[in-house]
There are 2 protein chains.
Amino acid sequence: MKHTTIKDIARALGISKSTVSRALRDHYDINPETRKLVLDMAAKMNYSPSAQAIAFQHGQTKTIAVIVPEIDNPFFSNCINGVENAAAGTDYLIIINQTRNIERVEVETINRLISMRVDGVIMSLASGTVNLNHIKRLQNLEMPLVLFDRVTDRIDCHKIFNDDFEGAYKATQYLISKGYQNIAHLCGFKNLHISRERLAGYEKALMDAGLKVKPENIIETDFKIREAKIHAKKLLQQPIRPDAIFGVSDHVALGCILAARELNLKIPDDIAVIGFSDLTYAEILNPPLTTIQQPSFEMGKLSFEMIMEQIEQGTQKGTRSVCLKTKLIERGSA
Amino acid sequence: MKHTTIKDIARALGISKSTVSRALRDHYDINPETRKLVLDMAAKMNYSPSAQAIAFQHGQTKTIAVIVPEIDNPFFSNCINGVENAAAGTDYLIIINQTRNIERVEVETINRLISMRVDGVIMSLASGTVNLNHIKRLQNLEMPLVLFDRVTDRIDCHKIFNDDFEGAYKATQYLISKGYQNIAHLCGFKNLHISRERLAGYEKALMDAGLKVKPENIIETDFKIREAKIHAKKLLQQPIRPDAIFGVSDHVALGCILAARELNLKIPDDIAVIGFSDLTYAEILNPPLTTIQQPSFEMGKLSFEMIMEQIEQGTQKGTRSVCLKTKLIERGSA
DNA sequence: AAAATTCACGGGAACGTTCCCGGGAACGTT
DNA sequence: AACGTTCCCGGGAACGTTCCCGTGAATTTT
């Protein structure tokens, strides 16, 4: 890999590298004729400026990192699309990283990004993350940071999340209004803020309707289809079978659908299922999934705007939290 | 954003930056005691080496770029997972870029990656890409390159792809064996190699079975659900309605399912649908989608191994093509 | 015609790191 | 005692770019 430098161009034209630099950047103090000469030569020599050298120079990489737990999850890829959409037109590059919900990977990724001197980090926490020192390290370095969706209250920074409590409340209330009485909840790991919020919303809705919160109807699970399926089967094989399940995410709801199918239970007659996210395929599923829609694209967009705000203003005075409203999408599974 | 440098550490300890550098890299010519002093101070000062400066030094960024048309497509995200899985354990960072099938974005992305001095590029072409000069530019710079899935025969480089012809042949043959006679094909844009191959496989299977290839049964479409749905409706509203549709991808097949649903046609009784990819949700769809499985994870893994081969050997002598076999997955839609 | 101003360009430092080379101190060998 | 070796460490160049400053030449002003 042989890259031409401004020095090479300068030598080829018998001028100094300063002049070449000026010509390329279209600075003042440059003769239009010289400029043309330089540009032509640059094109001829297949010149491409070294981003490292430039970043090195004025301490900006013009790069923003997005860290998500998993990329093959439509919710997150929609968020990413929102970020990229907002970034298009600016001269910032978005680089995408996934932690696969593993704390160790998250730590390594952040270390790497710090080393890269990324200009900002937009991230959603891994479900496996307990220790938050790596996030605090980011803050010590005064690196612009936006947490979205999977946030935590143990870190004080800019945040964007859904009203998970309200979404869960609406979902549960909807099930109740449809006449379901024995509603179970497959909830996410409790170290995640969203899991706790959704669980709380579920419990509140039950209590407000005068229904009892039964511990045996609440099982903790990973956000994976397979995992959820296993736990859903447990729920459905209890002596007193729940008549509805509220899944903490659409993937978890999918696990319920698969479990019900395997146990020959009809949806929504034998068992109702409701999810959370509204992934792209929810509508085409068998049955179409009733779910809580999250404005994923908007979240991504807002995250980018928030990070740009921090980068441009430099200061981090006062953190801001944005809570977006969710929407119930009625389909066939409940 | 204030980053400490080895110079800062050197000053704090009253030694030279050379010694600090040696201590951090655990080089020879370093006193264990000094080393410990430096490491402790580095930790205390929250030191993180500048990746730019290092890359700048010995011309390697330890970064490999993956370019895909769209990230929110399970086929590609699986490929990415394959790449990342293979990269885990090495000291290479994978950065992910999406072109959203727009040629201009692809060109800009590649320019940016060249500027970044990425060590290698693994990419799948955008469906909108016609001109290939940006790819040739990569080759002129002798940058390691692997094309996967959406390859082209107009570029001579390392390639990994599926046996699209064979996959399409199998899909069509399967439909024929099930008794379908009037099989249509929603094919992809013809500038894509995979589109042409799959079309050819479809045609060959028809001819081998003594069936006629009818031009009115072949419609070109984008790889998007919505687009495909529109074209599928056209197909299904023809005077002589096809009894089966082979979609060039699962998303296209999904479009067919939606179109059929809207026209109140039963699948697979009124119309059979078969896809290509086997996306994660194919099994849970309504109806479960019969499709051709592509080894996406393997493709990603192989791509990474191939790029590493090029990076380590340096030379690009002789390009290699790997063609992976596909597999028919029988489900309910055909 | 001398002075002031403008124009176009070159030289050199700086960014953070590594690597090569040189050198001093301590040690062991003749 | 003189020499060679080993062990540590420091100085400086280099990577590619930008930016500040200096400097002639050309042009305009006094």
Side-chain angles (χ1 to χ4, degrees), chain A residues 1-39 41-42 45-63 91 111-112 114-119 141, chain B residues 1-39 41-42 45-63 91 111-112 114-119 141:
Chain A
M1 269 201 283
K2 188 68 197 131
H3 290 280
T4 45
T5 71
I6 53 169
K7 219 165 152 185
D8 297 327
I9 300 177
R11 199 163 345 149
L13 292 171
I15 57 178
S16 79
K17 61 184 170 53
S18 307
T19 308
V20 175
S21 174
R22 269 189 298 254
L24 291 171
R25 307 226 100 217
D26 199 13
H27 222 44
Y28 62 101
D29 266 12
I30 183 77
N31 189 322
E33 289 175 29
T34 318
R35 198 175 95 80
K36 183 161 183 351
L37 239 55
V38 171
L39 290 184
M41 181 58 81
M45 295 178 80
N46 207 357
Y47 171 78
S48 165
S50 158
Q52 291 146 42
I54 295 175
F56 201 21
Q57 249 296 318
H58 42 316
Q60 279 219 353
T61 51
K62 293 284 176 187
T63 300
D91 57 347
N111 283 340
R112 181 95 196 211
I114 292 175
S115 238
M116 284 182 73
R117 304 291 191 257
V118 154
D119 291 335
L141 294 168
Chain B
M1 265 201 286
K2 188 68 198 129
H3 290 280
T4 45
T5 70
I6 52 168
K7 220 165 151 183
D8 297 327
I9 300 177
R11 199 164 344 149
L13 292 171
I15 56 177
S16 79
K17 61 183 168 59
S18 306
T19 309
V20 176
S21 173
R22 269 188 299 254
L24 292 171
R25 308 227 99 217
D26 200 12
H27 222 45
Y28 62 101
D29 267 12
I30 184 75
N31 188 325
E33 288 174 29
T34 319
R35 196 175 97 81
K36 183 161 182 352
L37 239 54
V38 170
L39 289 184
M41 182 59 79
M45 296 179 78
N46 208 356
Y47 171 76
S48 165
S50 158
Q52 292 146 40
I54 295 176
F56 200 20
Q57 249 297 320
H58 42 314
Q60 278 218 353
T61 51
K62 294 284 178 186
T63 300
D91 57 347
N111 283 341
R112 181 97 196 209
I114 292 175
S115 239
M116 285 183 71
R117 306 289 191 256
V118 152
D119 291 335
L141 293 168

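In what follows, chains carry the letters A, B, and so on, assigned in the order in which the sequence lines appear, proteins first and then strands, with residues in each chain numbered from 1.
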key: Verdict with reasoning, A:Val38 to A:Ile15, per side-chain contact (heavy atoms from CB on, under 4.5 Å)   = CA-CA 10 Å; A:Val38 171; A:Ile15 57 178; 3.9 Å; yes
Mind checking if A:Ile54 touches a base, just sugar-phosphate, or nothing, with heavy atoms under 4.0 Å?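 Touches sugar-phosphate only.
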Classify the nucleic acid contact of A:Ser21 as base, sugar-phosphate or nothing, counting any heavy atom under 4.0 Å across all strands shown.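 Answer is base: heavy atoms of A:Ser21 come under 4.0 Å of a base.
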Handout entry: Side-chain touch A:Arg22/A:Asp29, heavy atoms, less than 4.5 angstrom
Key =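 They are in side-chain contact.
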*Set of residues satisfying side-chain hydrogen bond (donor to acceptor under 3.5 Å, both in side chains) with respect to A:Thr4, sequence neighbours excluded*: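 For A:Thr4, no residue satisfies side-chain hydrogen bond (donor to acceptor under 3.5 Å, both in side chains) once neighbours in sequence are set aside.
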- Task: Would you sort out whether B:Ile54 and B:His58 count as a side-chain contact (heavy atoms from CB on, under 4.5 Å), showing the intermediate values?
- Result: CA-CA 7 Å; B:Ile54 295 176; B:His58 42 314; 3.3 Å; yes
Applying salt bridge (charged side-chain N to carboxylate O under 4.0 Å, His left out), can you list everything that pairs with B:Arg25, at least two apart in sequence or on another chain?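 In terms of salt bridge (charged side-chain N to carboxylate O under 4.0 Å, His left out), with neighbours along the sequence ignored, B:Arg25 is linked to no residue.
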Check your understanding: First contact, last contact: which nucleotides of DNA chain C are these for chain A, 5' to 3', heavy-atom distance under 4.0 Å?
Key ->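 So the contact region on DNA chain C extends C:dA8 to C:dG16.
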Query raised in the report: Which parts of residues 23-30 of chain A get close to DNA chain C, meaning a heavy atom less than 4.0 angstrom away?
Result: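 Residues of residues 23-30 of chain A that come under 4.0 Å of DNA chain C are, in numerical order, A:Asp29, A:Ile30.
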Spacing of [atom1] belonging to [X] relative to [atom2] belonging to [Y], to within rounding of 0.5 Å:
| X | Y | atom1 | atom2 | result |
| --- | --- | --- | --- | --- |
| B:Thr63 | B:Asp119 | OG1 | CG | 6.0 Å |
| B:Leu24 | B:Lys17 | CG | NZ | 13.0 Å |
| A:Leu13 | A:Asp8 | CG | CG | 11.0 Å |

Identify the heavy atoms of [X] and [Y] that sit nearest to each other, and give their distance.
| X | Y | value |
| --- | --- | --- |
| B:His3 | A:Ile114 | CE1-CG2, 4.2 Å |
| B:Asp26 | B:Arg35 | OD1-CD, 3.3 Å |
| A:Arg112 | B:Lys62 | NH2-O, 2.9 Å |
| A:Ala12 | A:Met45 | CB-SD, 4.3 Å |

Which residue, B:Phe56 or B:Arg22, contacts DNA chain C at a nucleotide closer to its 5' end, judged by nearest heavy atom?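 On the 5' side of the pair lies B:Phe56.
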Applying the Watson-Crick and G-U criteria (both distances under 3.5 angstrom) with [ ] for crossing and | for other-strand pairs, one obtains for DNA chain C ||||||||||||||||||||||||||||||
Discussion item. Quick check on contacts: within residues 7-20 of chain A, what sits under 4.0 Å from DNA chain D by heavy-atom distance?
Written reply: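 Result for residues 7-20 of chain A: A:Lys7, A:Lys17, A:Ser18, sorted by number.
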Side-chain donor/acceptor of B:Ser115 to backbone N/O of A:Pro49, under 3.5 Å:
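Here the side-chain-to-backbone pair exists.
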Q. So which one's nearest nucleotide on DNA chain D is more toward 5', B:Ala53 or B:Thr34?
A.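 Looking at DNA chain D, the more 5' nearest nucleotide goes with B:Thr34.
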